[in-house]
There are 2 protein chains.
Amino acid sequence: MNTLSYGLLSLLAQSSFSGYDLMLRIQPFWPAKHSQIYPLLAKLEKEDYISCELVPQRDKPDKKVYSLTAKGKEALKAWFDQPAAEPALRDEMMLKVFCLSYAKNESARNMLAGRLAYHEERHQTYELKLAQLREKPEWPEEGLPSPKHPLFGAYLLTRKAIMTNEANRAWCEWALSLLPEEH
Amino acid sequence: MNTLSYGLLSLLAQSSFSGYDLMLRIQPFWPAKHSQIYPLLAKLEKEDYISCELVPQRDKPDKKVYSLTAKGKEALKAWFDQPAAEPALRDEMMLKVFCLSYAKNESARNMLAGRLAYHEERHQTYELKLAQLREKPEWPEEGLPSPKHPLFGAYLLTRKAIMTNEANRAWCEWALSLLPEEH
DNA sequence: CAGCTATATGTCTATATTTACATATATAAA
DNA sequence: TTTATATATGTAAATATAGACATATAGCTG
């Protein structure tokens, strides 16, 4: 049981999902390709952490919908009280910033402008995500979801994404302001 | 030539370092163990991107000091203008937040308080790093390092670390404020 | 109609990364 | 004196992750 396995169980704690859905949904928190997800799901099902139901579809290819089992819930709860590993960020751009004084001014500006655009696009995505959360039938009529509300975690994570993204966007703007504009 | 290789070259663009030093210095930007660094350095030296000098020491074990070669500088410059991969964050705690409604209130508070403490410790580290930068003989007497100054990149990265860290620290405080305190 | 994208699942291979095994010196603490 | 930590370098094996290969349906575009 590695971290990605627990991540998949975490998502299934919310509701049942297909492997394809799980692959899409886990990206923001633990990037992984489908080639890593599918074999893991098969292993988790074999070991009875999750169960699987084949769902035929008309418009789209049939899918396998996975659900958390009692054993899976137990594993999740036990995992929760274990200390979590430190966050690991790998960002090629930060390595390039190290030797920014080596680069042409134009290259440096392009790189930072590209990252700024990335953060602006991300902001839109996260705001949309928030709006989608608020439109869900489970969303409380007044105020925010409480800690025991099933949407509480997703709400916290979306807010976290927005806050971190905004800090990084602001950094890009500040860094760009230090580089001379060329006309 | 993978991303970690370019990261090592980036650090060596600043000044010469031992493998051990490189391993320590690259951690905040591209986590890697020495068992990954040492073989890569041997490969980079073999392929003439870096050169190596054995430096005997009295107090400590002898070390190998690596420097960037002309070929290494060329490789760095060519790398700079290529598009960078998107940043990848892997954070076990975020996966746990997903199923926070499953957890005991005490567990949830402990987890977030632990992360808050982590960010407060990180803040101290980054402020110290800033102070150390300002104490360097190369640091400009007035104002900030300019884009062509060798310390420019390190300064930008330290500021980035401080800004992101502060956003995440604030998120922890906000999230904790949503969880009931138990007495 | 050919080619592209999204949905959907899978395998195989290559690469990246971690963990464990190894060794050596100096210093500080128990 | 044993034990731990920091410095310093390396290898071998296990695991995690990415990239390529494979297949199938449906809708859209040129």
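Each chain gets a letter, A, B and so on, in the order its sequence line appears, and its residues count up from 1. Since the structure is predicted, the reported quantities are computational estimates derived from the model, not experimental observations.
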Check: Shortest non-hydrogen contact from A:F98 to B:S10?
Finding: CB-CB, 4.1 Å
Next item on the list: Check the surroundings of atom NZ in B:K148: do more than 12 heavy atoms from other residues, nucleotides or ligands lie under 6.0 Å from it?
Entry: yes
Check: Cluster partners of A:V55, using ILVMFWY side-chain heavy atoms under 4.5 angstrom, listed by chain and number?
Finding: A:V65
What pairs of donor and acceptor atoms, side-chain ones from residues 116-138 of chain A against any protein atom, are under 3.5 angstrom apart with sequence neighbours left out?
residue	atom	partner	partner atom	Å
A:H119	ND1	A:N165	OD1	2.8
A:E121	OE2	A:T125	OG1	3.1
A:T125	OG1	A:E121	O	3.1

Next item on the list: Hey, which sits more toward the 5' end of DNA chain D by its nearest nucleotide, B:V65 or A:L4?
Entry: B:V65
Note to self: What is the separation between atom CD1 on A:I37 and atom C1' on C:dT7, rounded to the nearest whole Å?
What the structure shows: 16 Å
Check: OP1 or OP2 of D:dA16 less than 4.0 angstrom from a side-chain nitrogen or oxygen of A:W30, does that happen here?
Finding: no
Notebook entry, point to check: Once you build an axis from the first five pairs and another from the last five of the helix from C:dC1-D:dG30 to C:dA30-D:dT1, how far apart in angle are they, to 10 degrees?
Noted result: 30°
Margin query: Whole angstroms only, please: what is the CG-C1' distance between A:D21 and C:dT7?
Written below: 10 Å
Name each donor-acceptor pair under 3.5 Å that joins a side chain in residues 71-88 of chain B to protein atoms two or more places apart or in another chain, with its distance.
residue	atom	partner	partner atom	Å
B:K71	NZ	B:E47	O	2.8
B:W79	NE1	A:E92	OE2	2.7
B:D81	OD1	A:S107	OG	2.5

Checklist line | Separation of D:dT17 P from B:L89 CG (nearest whole Å) | finding: 13 Å
Note to self: Distance check needed: C:dA8 P versus A:D62 CG, whole Å only.
What the structure shows: 10 Å
Notebook entry, point to check: Does B:E106 pair with B:R109 as a salt bridge, N-O distance under 4.0 Å?
Noted result: no
Margin query: Is A:Y20 close enough to C:dT9 that one of its side-chain N or O atoms is under 4.0 Å from OP1 or OP2 there?
Written below: no
Notebook entry, point to check: Do any side-chain nitrogens or oxygens of B:Q57 fall under 4.0 Å of OP1 or OP2 in D:dT7?
Noted result: no
Note to self: Using every non-hydrogen atom in the two residues, find where A:P140 and A:P145 come nearest and quote the distance to one decimal.
What the structure shows: CG-N, 3.6 Å
Next item on the list: May I have the distance from A:R58 (atom CZ) to C:dA8 (atom P), rounded to whole angstrom?
Entry: 15 Å
Note to self: Please give me every residue in residues 39-51 of chain B whose heavy atoms get under 4.0 Å of an atom in DNA chain C, ordered by residue number.
What the structure shows: none
Next item on the list: Let me know the distance between CG of A:L24 and C1' of C:dA8, rounded to the nearest Å.
Entry: 10 Å
Which protein N or O atoms sit under 3.5 Å from an N or O of nucleotides 18-21 of chain C?
residue	atom	partner	partner atom	Å
C:dT18	OP1	A:R90	NH2	3.4
C:dT19	O4	B:S35	OG	2.6

Item checked: From A:S18 atom OG to A:K60 atom NZ, the distance as rounded to the nearest 0.5 Å -> 9.5 Å
